[in-house]
Asks: 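Take a look at the following structure, please.
Quick note: numbers below take in every heavy atom, side chains included, and nothing from hydrogens, waters or symmetry partners.
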Amino acid sequence: MLSAPFRILLAAVSVATATGAWYPGQDAPGLRRDTAPPTQAAASGFDLNQGFNIQEQTSGEDATQVEYTLDNGSPYPHPYEYQRIGADGPLLLQDTHLLELFGSFDRERIPERVVHARGAGAHGYFEVTNADFCKNYTMMDMLSENGLRTPITMRFSTVGGESGSPDEARDPRGFAMKFRTRKGILDLVMNNTPVFFIRDPAKFPHFIHTQKRHPSSHLRDKDMFWDYLGSNPESLYQVMRLFSDLGTPYGFRHMHGWTGHTYRWVKADGTWSYVKLYAETMQGIQNFTNADATAIAGSNPDFATQDLYEAIQNQTYPGWTMYAQVLSPDAAQTFKYNVLDLTKDWGFDDVPPVEIGKFYLTQNPRNYFAEIEQAAFSPSNMVDGWAPSADPVLQARLFSYPVDTHRYRLGVNNKQIPVNAPITPVANFERDGHMNVNGNQGSRPNYLSTLEKIKLPPRLYTDEAHQQWTGGAVASLAAVNEIDFDWPRRFWNGLSEQDQQNLISNVIGHLGAAPTESVRQRMASLFYHANATLGQAIADGVGVKVVNLTFPNGPTWFNVTKTPEGSTLNY
């Protein structure tokens, strides 16, 4: 039963509410009613991005301009200060500063890239020099007018080593470029070599495992290294490039770059052409010998990183000229190689390169972690007029990079990180997730609403002309054929006598340390099949006898399921 005083209070409230004069909370003590006009009230509202904007501004200020604080922004008297009981007592867990300090320190590292972990980078711009040629083949806005400059971020890297490994190791070099175009982000994932070790994407994890550490000893294992390469002969051309002096370039500035993969340039009418891009260094090709690279790796493992940084700091801005190789679909049908085969180059004598632009690196990162380590490059970042081909390894990278690698390392909202953020508006229905910091697309509907309709851009071309496939699904694995030795022979014949001797010496020094004779013999025999002089010299150097090998002529990929006897069909 309610007490008499409470019944009187309830009655008063009921009367007041009935007359509209008062309801609990509206004019309660300590609350001020906002009587300003709606527009004025909105103008004086809190900007949720204020804190983000202030921290971004503060990150660009010198240490002499800022005052030491805790993570919550409150001033703290000294970075070395902590709480304990007396002069020799235990620490106190109430010490917010110390808990915050170690909690952050223990989590400073994010997962390093499984491949391309060791790298350096910078910012600059790409400038179009041949828009007339480009417009014959693509509707890309980025290539639509001479003199148009697009901001870029580039990251160079080795492939197999950990983040602390020497950047002068014998290894291919990654050559990734992020273009911030007026139509969105375009990423090119390139290498300093026109080909790669594999053309079957399912081989990639196996290959990378063999180039890293043995699961038992946790050491580099030369048997493992050469066993894979010898049992997958389609890798031979890349192996020869790797063990020539091209495998130890003089830093990152003195090497060329290739997309390697075949892409498609598409016009507004839907017609398309195959295209590969090639970047030629303006600094000239320069390489270390094996002895010099070994010495540099030991004395200054950061040589390439330092060379790039200091060149830009000294305003000796490195530059490259970008070329395109274009092949029509009809020409591709009769081309001497399968144009989707990543182990085959398009020779300049077969498909002449045409200059389309130049790019320069002009700005070092202010913060390496924020601008280079967090940079996420993905071939799935496409723009109108640029599209993938059916290259199997490229198709696998379209999934692996954005869906797995970047989400694992950086989180689902990795494109909100400033270095990865487009400079064009983003509007879709992808919301929430860890570290969503850019407003989460506000109050717009998070579905395709008929009540508040999102604008849809016009479809600029249709896919019917180039998305029709023949045949059914098959279990695919490339066969090794005689044509796989064409590029190794061309490469060997194009080397100077000194470069040939360096290649032989470099291979003997590495392959000769593989303990298993059959591994050494198989690899030497593959070299012998490419060129007798090359193979015999290597066989003599590693103490084995060559075995004559034969390979059939035929297609790279079969359109029916084949069961391999070993790691590769017909070998």
Asks: For L277 and W386, work out which heavy atoms get closest and say how close.
Replies: CD1-CH2, 3.8 Å

Asks: With sequence neighbours excluded, tell me which residues meet side chain to side chain donor-acceptor pair (under 3.5 Å) with R213.
Replies: E162

Asks: Sequence neighbours excluded, which residues qualify as side-chain contact (heavy atoms from CB on, under 4.5 Å) partners of E452?
Replies: R444, P445, S449

Asks: Give the C-alpha distance, both sets of side-chain angles, the deciding distance and a yes or no for ring pair (Phe, Tyr, Trp, His ring centres under 6.0 Å) between Y125 and F359.
Replies: CA-CA 6 Å; Y125 65 90; F359 59 92; 9.6 Å; no

Asks: Determine the minimum heavy-atom distance between K267 and K135, stating which atoms define it.
Replies: CE-O, 4.2 Å

Asks: Enumerate the side chain to side chain donor-acceptor pair (under 3.5 Å) contacts for residues 177-187, please, sequence neighbours excluded, ordered by first and then second residue.
Replies: D141-R182, E145-R182, T153-R180, K178-D187, D187-N381

Asks: Does the side chain of S389 come under 3.5 Å of the side chain of D391 through a donor N or O and an acceptor N or O?
Replies: no

Asks: I want to check something: taking the side chain as every heavy atom from C-beta on, are M140 and D384 in contact at a cut-off of under 4.5 Å?
Replies: no

Asks: Would you say the side-chain atoms of S163 and E112 include a donor-acceptor pair closer than 3.5 Å?
Replies: yes

Asks: Evaluate F377 against Y401 for ring pair (Phe, Tyr, Trp, His ring centres under 6.0 Å), listing each step before the verdict.
Replies: CA-CA 8 Å; F377 299 91; Y401 280 45; 9.3 Å; no

Asks: Are E127 and R149 close enough for a salt bridge, meaning some N to O gap below 4.0 Å?
Replies: yes

Asks: After noting the C-alpha distance and the side-chain angles of T259 and K276, does the key distance pass the side-chain hydrogen bond (donor to acceptor under 3.5 Å, both in side chains) rule?
Replies: CA-CA 6 Å; T259 55; K276 290 190 177 189; over 6 Å; no

Asks: Is there side-chain contact between V393 and F196, with heavy atoms separated by less than 4.5 Å?
Replies: no

Asks: Should the pair F156 and F252 be assigned to parallel (<30°), tilted (30 to 60°) or perpendicular (>60°) ring geometry?
Replies: parallel

Asks: Would the distance check show the side chain of N413 and the main-chain N or O of D432 forming a donor-acceptor pair, the cut-off being under 3.5 Å?
Replies: yes

Asks: Side chains of N130 and N146 only: does a donor on one sit below 3.5 Å from an acceptor on the other?
Replies: no

Asks: Would you please classify the geometry between the F207 ring and the F204 ring as parallel, tilted or perpendicular, with 30° and 60° separating the classes?
Replies: tilted

Asks: Can you name the nearest heavy-atom pair linking P388 to L398, along with the distance?
Replies: CB-CD1, 3.9 Å

Asks: Got L98 and L91 here, is their nearest side-chain heavy-atom distance under 4.5 Å?
Replies: yes

Asks: Would one find more than 12 heavy atoms of other residues, nucleotides or ligands at under 6.0 Å from atom CD of E100?
Replies: yes

Asks: May I ask you to check whether R155 and H116 show a side-chain donor-acceptor distance below 3.5 Å?
Replies: no

Asks: For P392 and L340, which heavy atoms make the closest approach, and how far apart are they?
Replies: CD-O, 3.8 Å

Asks: Is it the case that the ring center of F126 lies less than 6.0 angstrom away from the ring center of F179?
Replies: yes

Asks: Test Q441 against N428 for side chain to side chain contact (heavy atoms under 4.5 Å, CB included), laying out the working first.
Replies: CA-CA 8 Å; Q441 304 205 40; N428 51 42; 2.7 Å; yes

Asks: If you look at every heavy atom in A427 and I454, which pair is closest and at what distance?
Replies: O-CD1, 4.0 Å

Asks: Give a yes or no on this: more than 12 heavy atoms of other residues, nucleotides or ligands lie within 6.0 Å of atom OH of Y76.
Replies: yes

Asks: Does any donor atom in the side chain of Q238 or T193 lie under 3.5 Å from an acceptor atom in the other side chain?
Replies: yes

Asks: Can you tell me how far apart CG (L99) and CG (L92) are? Round to the nearest 0.5 Å.
Replies: 10.0 Å

Asks: Identify the two heavy atoms, one from T158 and one from P166, that lie closest to each other, and give their separation to 0.1 Å.
Replies: CG2-O, 4.4 Å

Asks: Side chains of E81 and H97: is there a donor and an acceptor less than 3.5 Å apart?
Replies: no

Asks: In this structure, is the centre-to-centre distance between the rings of H256 and Y278 below 6.0 Å?
Replies: yes

Asks: Please tell me whether Q374 and N420 have a donor and an acceptor in their side chains that are separated by less than 3.5 angstrom.
Replies: no

Asks: Drop me the distance from Q83's CD to T96's OG1, to the nearest 0.5 angstrom.
Replies: 7.5 Å

Asks: Any non-hydrogen side-chain atom of V275 less than 4.5 Å from a side-chain atom of Q325?
Replies: no

Asks: Between N53 and N49, is any side-chain donor less than 3.5 angstrom from a side-chain acceptor?
Replies: no

Asks: Would you tell me whether D341 and W557 have side-chain atoms, one donor and one acceptor, within less than 3.5 Å of each other?
Replies: no

